[in-house]
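See structure below.
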Amino acid sequence: QEHYGRLNGLTITWIGDGNNVLHSIMMSAAKLGMHLRIATPKGFEPDLRITKITEQYSEEYGTKLLLTTDPLEAADGANVLVTDTWISMGQEEEKKERLKAFQGYQITMQTAKSAASNWTFLHCLPRKPEEVDDEVFYSPQSLVFQEAENRKWTI
């Protein structure tokens with residue numbers, strides 16, 4: 001909202017794990033008029049109950065929803081590229097398996113080439129280099145530090 005001046009009509013793309021952060025985005029994107037494109041590896045999809053509700057919201061609010069395993073397909077035309085940790089608290093023992101499953105899901109400038117010309121990047125931090133490379137993370141398109149500052153005001 002702060003960056004684009006609006007949310008309605010924007011396309012947000014999630015590339016990564018079907019975790020709690022994605023679930024929050026799924027429950028709110030359509031209500032805000034945002035199209036949502038999600039790429040997760042097989043076996044790491046969002047909760048099916050949340051997906052069904054999101055499909056209903058998308059239909060109700062006239063937005064588009066895409067679920068895929070292809071990060072470049074999900075990034076196509078996106079205004080906002082988002083990811084989060086692939087290994088959440090309590091999943092440390094799964095690290096090796098998860099890193100293997102998420103190969104090809106790192107957000108890079110190659111990913112961003114598929115996005116809209118005015119793309120931005122978000123990550124709720126802390127970030128690991130396998131999730132997003134330095135070139136994107138420290139780019140002018142990265143809004144991660146503004147995102148962190150804004151979160152401070154909700155605490």
Side-chain angles (χ1 to χ4, degrees), residues 1-4 7 9-30 32 34-51 54-55 58 63-152 154:
Q1 173 70 34
E2 185 178 335
H3 180 81
Y4 290 101
L7 295 176
L10 294 177
T11 298
I12 185 166
T13 291
W14 176 273
I15 298 174
D17 191 18
N19 64 18
N20 62 318
V21 176
L22 173 59
H23 292 154
S24 293
I25 292 170
M26 291 172 74
M27 296 302 291
S28 60
L32 298 169
M34 299 178 74
H35 307 291
L36 181 56
R37 301 172 70 86
I38 300 168
T40 59
K42 283 193 184 298
F44 296 90
E45 298 88 353
D47 184 285
L48 188 57
R49 293 170 298 174
I50 302 292
T51 300
T54 302
E55 288 169 344
S58 186
T63 62
K64 295 176 186 165
L65 174 66
L66 171 74
L67 287 97
T68 181
T69 58
D70 183 348
L72 293 180
E73 179 184 13
D76 187 43
N79 303 104
V80 184
L81 299 173
V82 187
T83 195
D84 184 28
T85 186
W86 297 343
I87 305 158
S88 295
M89 290 182 291
Q91 297 175 329
E92 294 85 1
E93 290 181 14
E94 302 170 22
K95 181 176 182 176
K96 191 174 181 178
E97 171 195 334
R98 284 178 161 272
L99 289 178
K100 184 177 179 182
F102 284 87
Q103 285 182 0
Y105 283 79
Q106 181 191 48
I107 296 180
T108 66
M109 286 297 183
Q110 186 65 34
T111 314
K113 284 181 182 178
S114 296
S117 61
N118 66 342
W119 69 274
T120 54
F121 173 75
L122 296 175
H123 191 300
C124 62
L125 303 178
R127 157 266 187 172
K128 305 283 188 305
E130 61 266 12
E131 300 154 3
V132 57
D133 71 5
D134 285 348
E135 191 175 10
V136 170
F137 188 79
Y138 293 109
S139 74
Q141 292 84 7
S142 177
L143 302 177
V144 295
F145 298 112
Q146 295 93 319
E147 178 183 8
E149 193 264 345
N150 284 342
R151 192 168 53 245
K152 177 177 76 172
T154 66

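- Applying the ring pair (Phe, Tyr, Trp, His ring centres under 6.0 Å) criterion to F137, with sequence neighbours excluded, gives F145.
- The CD1 atom of I25 lies 4.5 Å from the CD1 atom of I12; values are rounded to the nearest 0.5 Å.
- L125 and V144 make their closest contact through CD1-O, 4.2 Å (heavy atoms, listed as atom of the first residue, atom of the second, distance).
- A donor-acceptor distance shorter than 3.5 angstrom exists from the side chain of E45 to the backbone of G43, with no hydrogens or angles considered.
- Rounding to the nearest 0.5 angstrom, the gap separating the CG atom in N19 from the CD atom in Q91 is 8.0 Å.
- Residues E131 and P126 approach most closely at OE1-O, 4.3 Å, considering heavy atoms.
- Across all non-hydrogen atoms, the minimal contact from T40 to G18 is CG2-N, 3.9 Å.
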**Item:** Residues M109, V136; criterion side-chain contact (heavy atoms from CB on, under 4.5 Å); working and verdict
**Value:** CA-CA 6 Å; M109 286 297 183; V136 170; 4.1 Å; yes

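- Here the closest heavy-atom approach between residue G16 and residue P41 is recorded as O-CD, 3.8 Å.
- Using modelled atom types, no side-chain atom of R98 and backbone atom of S88 make a donor-acceptor pair closer than 3.5 Å.
- Considering every non-hydrogen atom in both L7 and M34, the closest pair reads O-CG, 3.3 Å.
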**Verdict with supporting geometry, Q141 and S139, side-chain hydrogen bond (donor to acceptor under 3.5 Å, both in side chains)** = CA-CA 5 Å; Q141 292 84 7; S139 74; 3.1 Å; yes

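- Remark: side-chain polar atoms of E147 are paired, donor with acceptor, to backbone N or O of H123 under 3.5 angstrom.
- Side chains of T83 and Y105: no donor on one and acceptor on the other come within 3.5 Å.
- With T54 contributing its side chain and I50 its backbone, the two residues share a donor-acceptor pair below 3.5 Å.
- One finds no salt bridge joining R37 and D70 here, because no Lys/Arg side-chain nitrogen approaches an Asp/Glu carboxylate oxygen to under 4.0 Å.
- Atom-to-atom distance recorded for N20:CG and C124:SG is 8.0 Å, nearest 0.5 angstrom.
- Residues passing the ring pair (Phe, Tyr, Trp, His ring centres under 6.0 Å) test with W86, sequence neighbours excluded: F102.
- T11 places no side-chain N or O within 3.5 Å of a backbone atom of H35 that could act as its donor or acceptor partner.
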**Message:** Does I38 form a side-chain contact (heavy atoms from CB on, under 4.5 Å) with L65? I'd like the steps, not just the answer.
**Reply:** CA-CA 8 Å; I38 300 168; L65 174 66; 4.2 Å; yes

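- From Y4, atom OH reaches atom CG of N79 across 5.0 Å, with rounding to the nearest 0.5 Å.
- The 12-atom threshold is exceeded at CD of E92, counting heavy atoms of other residues, nucleotides or ligands nearer than 6.0 Å.
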**Item:** Audit row: L143, H3, side-chain contact (heavy atoms from CB on, under 4.5 Å) steps and yes/no
**Value:** CA-CA 9 Å; L143 302 177; H3 180 81; 3.8 Å; yes

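- Atoms OG1 and NZ, from T85 and K128 in turn, are 5.0 Å apart once rounded to the nearest 0.5 Å.
- Of all the heavy atoms in A39 and P71, the pair that sits closest is CB-CA, 3.7 Å.
- If you take CG on D76 and OG1 on T68, they are separated by 11.0 Å, rounding to the nearest 0.5 Å.
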**Prompt:** So L36 and T63, side-chain contact (heavy atoms from CB on, under 4.5 Å) or not? Walk me through it.
**Reply:** CA-CA 8 Å; L36 181 56; T63 62; over 6 Å; no

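- The 12-atom threshold is not exceeded at CD of E2, counting heavy atoms of other residues, nucleotides or ligands nearer than 6.0 Å.
- You'll find the side chain of K113 reaches within 4.5 Å of the side chain of Q110, heavy atoms only.
- Between D84 and L22 there is no side-chain heavy-atom pair separated by less than 4.5 Å.
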